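Worksheet: the structure to be examined is printed underneath.
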Amino acid sequence: MIIILKQLISEAQKSAVKDFLKKNGFKVKEIVGQEETVLGAVGTNRIDIREVAVLEGVSNVIPISKPYKLASRELNKSDTIVQVGKVKIGGQRIVVMAGPCAVESRQQIMEVAAQVRVSGAVILRGGAFKPRTSPYAFQGLGEEGLRYLREAGDAFDMPVTTEVVSPRDVDMMLDYIDMFQVGARNMQNFELLKEVGRTGRPVLLKRGLAATIEEWLMAAEYLMASGTDQVILCERGIRTYETATRNTLDISAIPVVQKLTHLPVIADPSHATGLRDMVAPMSLAIVAAGASGLIVEVHNNPDKAFSDGPQSLYPQQFDKLMRDIQALCPVVGKSLERIPRERADVEIWSNQPTLVPSAQTLKIAFQGEKGAYSEQAIRMVFDEMADTMPCRSFSDVFEAVQKGEARYGVVPVENTLGGTINETLDLLNSHPDLTVVGEKQLRIMHNLIGIPGTALSQIKRVFSHPQGLAQCTDFLTGELKHAEAVPFFDTAGAVAHIANLKDPSCAAIASSAAARHHHMEILRDGIETDSRNFTRFYVICREEHAHVFRSAMPVDRVSMVFSVNDRPGSLFEVLQILSTYGLNMKKLESRPIPGKPWEYAFFIESEMIDEKDFVKATGELVNTCASFRILGTFHGDRR
Ligand code: PEP
Ligand code: MN
């Protein structure tokens with residue numbers, strides 16, 4: 001059952017509720033949500049829930065209708081984020097795990113690890129105990145294989161996962177691995193599940209060959225009831241009458257399971273299809289279906305693989321797949337997880353308090369109210385837990401970062417429909433202490449948001465930022481032509497406004513996050529006229545903090561601003577330098593210089609070159625330009 005606690009419950013009352021439940025044989029788990037705190041109580045005993053409902057501090061008691069309780073979405077409305085080493089799985093991320101079916105030798109796992117790491121895998125897989133159909137087939141290297149796997153994971157900075165097949169190996173394996181994998185054949189090996197669950201270590205739980213979704217979730221429940229809440233579900237194909245592929249990938253299981261559980265769901269296109277050529281298309285389908293990631297078999301020499309060669313990707317195929325996934329992610333509102341995701345997170349979320357200067361400086365500033373698109377970008381760059389700081393204007397964001405009230409700022413710089421956000425460029429130009437350290441692109445998906453239960457025909461006024469309104473013209477002049485479009489300060493603020501008005505004739509256009517934040521209903525989603533609507537954001541910070549963020553990802557973009565002398569060919573000379581040094585220009589924009597009528601500053605974004613050449617190039621640029629400044633260097637998010 002779920003016990004919803006009153007907001008003002010005292011600690012003593014809460015303890016009394018917990019004690020009462022424990023005395024009656026229940027296991028109790030406290031879940032602190034953004035809006036409410038609940039206790040989940042599971043056990044075999046039956047009591048009349050009214051006995052709990054009357055306890056002091058209890059607001060409501062709801063029985064969990066599903067047979068799986070701890071795994072149920074009813075218990076925990078928000079997505080669970082599982083942490084494996086420093087990689088987080090769940091939420092908006094796409095996490096790719098890759099490696100060979102089996103660890104075959106030290107050299108083999110080292111080679112594959114190097115290759116998948118370069119392409120962007122963040123967790124290394126490799127079997128040391130192989131549950132083979134034939135007892136005469138390669139059974140895995142056992143503990144020796146675990147040693148090599150650990151060594152490769154450490155060498156290439158990837159947490160590792162491997163299959164556990166026997167309860168007797170569980171404790172030994174703890175020394176080597178970051179996540180247990182429970183294979184399809186063992187999904188209902190309950191003694192194994194209990195042993196693994198007891199360790200509290202993350203578990204990747206494959207779906208059984210012939211398991212229903214409910215049986216699969218019951219297996220997750222075994223793990224959770226035994227002591228871990230770090231469970232990832234993995235769809236890996238089920239047995240059907242079809243023989244063209246090894247198994248049948250049940251893509252629909254992904255959204256189904258996401259509705260039923262708060263645990264992250266990933267999929268394994270390799271075992272699902274058994275065929276190398278099917279792996280890439282299925283991987284993209286898995287991402288499009290909303291999964292939190294993939295586990296893919298990659299081998300340095302698939303033709304010689306000891307197991308599952310025909311389904312193992314060549315490293316270059318995996319590399320191509322990663323680039324395709326990277327391109328797809330923003331389209332489906334996801335962000336591809338890269339290692340190290342340390343960047344600022346480490347500084348912010350590290351357990352080492354010495355790295356955290358003071359609570360105040362950890363904030364990340366953005367323009368708008370809670371639920372703004374900029375805040376969504378922050379969640380993607382940093383973390384669900386990032387301490388965001390709403391600001392009234394772009395200028396306030398820059399000031400907050402300048403003064404150290406916020407460590408970072410995230411500001412839009414360009415929209416694919418609306419073009420450059422000039423104010424951001426001007427502010428960058430007028431804040432020499434601040435620098436660009438990162439980039440994130442976000443697909444803008446607009447929603448019509450209203451008071452729950454409102455019909456479209458009731459709506460008379462629609463509030464949103466002028467850009468938001470402009471981007472939904474077809475919907476506003478079509479189905480909603482009876483309503484008046486009212487410009488508002490910002491999109492998320494418009495939702496706050498209608499939530500305040502409590503008038504069903506008023507609606508807003510904003511992100512789904514804004515609707516959730518204000519407990520409003522999405523009356524219609526995807527109402528933007530052009531679905532290819534992306535906004536690109538810059539992450540800014542003070543120069544002295546820049547190295548932390550930058551050191552985490554390879555820098556491959558540079559943003560610069562310059563002005564030229566008033567004589568023929570001066571711009572040409574600058575472009576000539578860029579050309580000589582191979583600085584491939586991605587964007588060129590001119591802006592009037594404040595206080596100097598009819599004079600212009602030029603903004604350039606370019607691909608980054610070798611550090612030494614770059615220093616030489618900037619030396620020449622400084623000499624040639626009337627003024628020149630590097631606005632920042634960063635890891636580009638557009639591929
Ligand atoms: C594996 O991942 O190597 C494996 C054996 O997978 P499954 O349990 O899904 O067959
Ligand atoms: Mn395999």
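Everything quoted here is computed from the prediction, not taken from an experiment. Each ligand, and each atom within it, is numbered from 1 in the order the structure gives.
- Within the 6.0 Å centre-distance limit, the rings of Y408 and F382 are counted as a close aromatic pair.
- A donor atom on one side chain and an acceptor atom on the other are not found under 3.5 Å apart for Y68 and E214.
- For the pair NE2 of H271 and OE2 of E297, the angle whose vertex sits at the Mn ion (ligand 2) is 90° to 10 degrees.
- Nearest-heavy-atom check against atom 2 (O) of ligand 1 across R125, E235, Q311, M97 picks out R125.
- Counted by atom type alone, T248 and D250 present zero donor-acceptor pairs between their side chains at under 3.5 Å.
- Between R236 and ligand 1, at least one pair of N/O atoms sits closer than 3.5 Å.
- Set against the non-hydrogen atoms of Q181, the atoms of ligand 1 under 4.0 Å away are 1 (C), 2 (O).
- Taking the N/O/S atoms of D308 in turn, the shortest distance to the Mn ion (ligand 2) belongs to OD2.
- A salt bridge does not link R557 with D637: none of the charged nitrogens is closer than 4.0 Å to a carboxylate oxygen.
- Scanning the protein heavy atoms around atom 7 (P) of ligand 1, the nearest turns out to be K206 NZ, 3.4 Å.
- Heavy-atom contacts of G183 reach the following atoms of ligand 1: 8 (O) (cutoff under 4.0 Å).
- When side chains are defined from C-beta on, F537 does not count as touching M380, because their heavy atoms never get closer than 4.5 Å.
- Within ligand 1, the atoms closer than 4.0 Å to a non-hydrogen atom of E163 are 4 (C), 5 (C), numbered from 1 in the order shown.
- A side-chain N or O of E111 and one of Q107 form a donor-acceptor pair less than 3.5 Å apart.
- Among protein heavy atoms, the minimum distance from atom 8 (O) of ligand 1 is reached at A184 N, 2.7 Å.
- Under a 4.0 Å criterion applied to the non-hydrogen atoms of E297, ligand 1 contributes the atoms 3 (O).
- Within 6.0 Å of the NZ atom in K77, the count of heavy atoms belonging to other residues, nucleotides or ligands exceeds 12.
- Ring centroid separation for the pair H446 and Y373 comes in under the 6.0 Å cut-off.
- Contact atoms of ligand 1 toward R185: 7 (P), 8 (O), 10 (O) (distance under 4.0 Å to a heavy atom of the residue).
- For atom 4 (C) of ligand 1, the closest non-hydrogen atom of the protein is H271 NE2, 3.4 Å.
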